[in-house]
Chemist: 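Got a structure here, written out as structure tokens. Questions coming.
Here is the naming used below: chain letters follow the sequence lines, and residue numbers restart at 1 for every chain.
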Amino acid sequence: MPELPEVETIRSGLEKLIISKKVINLTFDWPKSYPNSLNDTKSFLYGAEIISVRRRAKVLLIDLSTQYSLVIHLKMTGQLVYKDETVRFGAGHPNDSLLNNLPDKSTRVIISFDDDSKLYFNDQRKFGWVKLMPTIEIKNLDFFKKVGPEPLSSEFNWLILKQRLNKRQNTTIKAALLDQTILAGIGNIYADESLWGAKIHPSTLVKNLNDKEYKILYQEIVKVLKLSIELGGSTDKNYINAEGKKGSYLAFSKVFRKEGQHCPRCGTIIIKTRVAGRGTHLCPNCQKL
DNA sequence: CACTTGACCTGTCCGC
DNA sequence: TGCGGACAGGTCAAGT
């Protein structure tokens, strides 16, 4: 899915588009995409006004005036796209084909607002979901009780990263970075990118890292995530933001999807291998075990 | 408990 | 052109 920069890009876009709009209807075509009762939907969603759009880890939270929230996880292929039905995009416009063709066969949930605009939740692989629940209960969900710190928060620093990682001494650093209970928001793209930046091999066991490596890894994580947010995230196959636009980070990525190309630091050919059960990109010269 | 693997789904690409 | 298998940005449950 969308990782932290992609979800954050959607969040900031949605914030500009749907705040203060009133929800009048919701439809869905796949029950697991919207696992909520019709009664709750009628009582707490219909007629509700959008108050705020938040993000925690890779989860989006749309708060409603009814003290309920829509909790949304895009998983691997989820999209959340806003479309004003009164606007038609002409041929040649960058968003032409995508927005004018909504809904399409991957559309799972459609939320309609009182001004005839709509929010489309598309999800080809059907892993994602939209859950309606009381805002106050979100923090009691297992995921939110266990999830690690936000890497871009002002309280996060290299010592906290070290302390969190030290809970997973015998696993690889790549598996640990992907573990949302250690640190929130990192996925396969930004794990590979930050490990390359820190010159750490993804298979390195956490117990073999030293303080110098923790410090540089911390810096690289923050740097890579911030850069990606500036570039609107990474579009590999499916990702688009709330306005239907792709992100451009992958044009600047150092190793992710760059197998067979030269390492920008040393020129060695970048390889793709498997670590923690995931496709993993690295420079075999810069990142040694 | 720590850690790894399979399952959830659809679509695409690659080798035969 | 068709078919099987591997793989794809994430997270759980179930296994060792």
Chemist: Could you check which of C:dC12, B:dC3, C:dG9 has an atom nearest any side-chain atom of A:E3?
Modeler: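 Among the listed nucleotides, the one closest to the side chain of A:E3 is C:dG9.
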Chemist: Nearest to the side chain of A:I189, which nucleotide is it out of C:dG9, B:dC3, B:dT10?
Modeler: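 Of C:dG9, B:dC3, B:dT10, C:dG9 is nearest to the side chain of A:I189.
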Chemist: Would the distance check show the side chain of A:N36 and the main-chain N or O of A:V130 forming a donor-acceptor pair, the cut-off being under 3.5 Å?
Modeler: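 Side chain of A:N36 to backbone of A:V130: a pair is present.
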Chemist: Between C:dA8, C:dT11, B:dG11, which nucleotide gets closest to the side-chain atoms of A:Q124?
Modeler: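 The listed nucleotide nearest to A:Q124's side chain is B:dG11.
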Chemist: Given A:E6, which partner from the list A:Y190, A:Y249, A:Y239 fulfils the side-chain hydrogen bond (donor to acceptor under 3.5 Å, both in side chains) test?
Modeler: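 With A:E6 as partner, A:Y190, A:Y249, A:Y239 yield a single side-chain hydrogen bond (donor to acceptor under 3.5 Å, both in side chains), made by A:Y190.
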Chemist: Would you write the dot-bracket representation of DNA chain B, where each base gets (, ), [, ], | or . depending on whether it forms a Watson-Crick or G-U pair under 3.5 Å and with which partner?
Modeler: .|||||||.|||||||
Chemist: Can you tell me which nucleotide in C:dT11, C:dG9, B:dC3 comes closest to the side chain of A:N170?
Modeler: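 Of the candidates, B:dC3 comes closest.
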Chemist: Determine the contact category for A:K237: base if any of its heavy atoms lies under 4.0 Å from a base atom, sugar-phosphate if only primed atoms, P, OP1 or OP2 are that close, otherwise nothing.
Modeler: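 Base: the residue A:K237, judged by heavy atoms under 4.0 Å, touches a nucleobase.
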Chemist: Mark yes or no for whether A:Q180, through its side chain, and A:I186, through its backbone, hold a donor-acceptor pair below 3.5 Å.
Modeler: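 Between the backbone of A:I186 and the side chain of A:Q180 there is a qualifying donor-acceptor contact (under 3.5 Å).
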Chemist: Output yes when A:K22 and A:E49 qualify as a salt bridge under the 4.0 Å nitrogen-oxygen rule, no when they do not.
Modeler: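 Looking at A:E49 together with A:K22, the answer is no, because their closest N to O distance does not fall below 4.0 Å.
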Chemist: Have a look at A:S106 and say if it touches a base, only the backbone sugar-phosphate, or nothing, with a 4.0 Å heavy-atom cut-off.
Modeler: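 Result for A:S106 = nothing.
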Chemist: Name the closest nucleotide to the A:K32 side chain, picking from C:dG10, B:dC8, C:dC7.
Modeler: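 It is B:dC8.
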Chemist: Can you tell which of C:dG9, B:dC9, C:dC12 lies closest to the side chain of A:F143?
Modeler: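 Nearest to the side-chain atoms of A:F143, counting from C-beta on, is C:dC12.
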Chemist: Could you list the donor-acceptor pairs under 3.5 angstrom formed by side chains in residues 275-285 of chain A, with sequence neighbours left out?
Modeler:
{"residue": "A:T280", "atom": "OG1", "partner": "A:K174", "partner atom": "NZ", "Å": "3.0"}
{"residue": "A:T280", "atom": "OG1", "partner": "A:V275", "partner atom": "N", "Å": "3.4"}
{"residue": "A:T280", "atom": "OG1", "partner": "A:R278", "partner atom": "O", "Å": "2.9"}
{"residue": "A:H281", "atom": "ND1", "partner": "A:D192", "partner atom": "OD2", "Å": "2.8"}
{"residue": "A:H281", "atom": "NE2", "partner": "A:R257", "partner atom": "N", "Å": "3.2"}
{"residue": "A:N285", "atom": "OD1", "partner": "A:K288", "partner atom": "NZ", "Å": "3.2"}

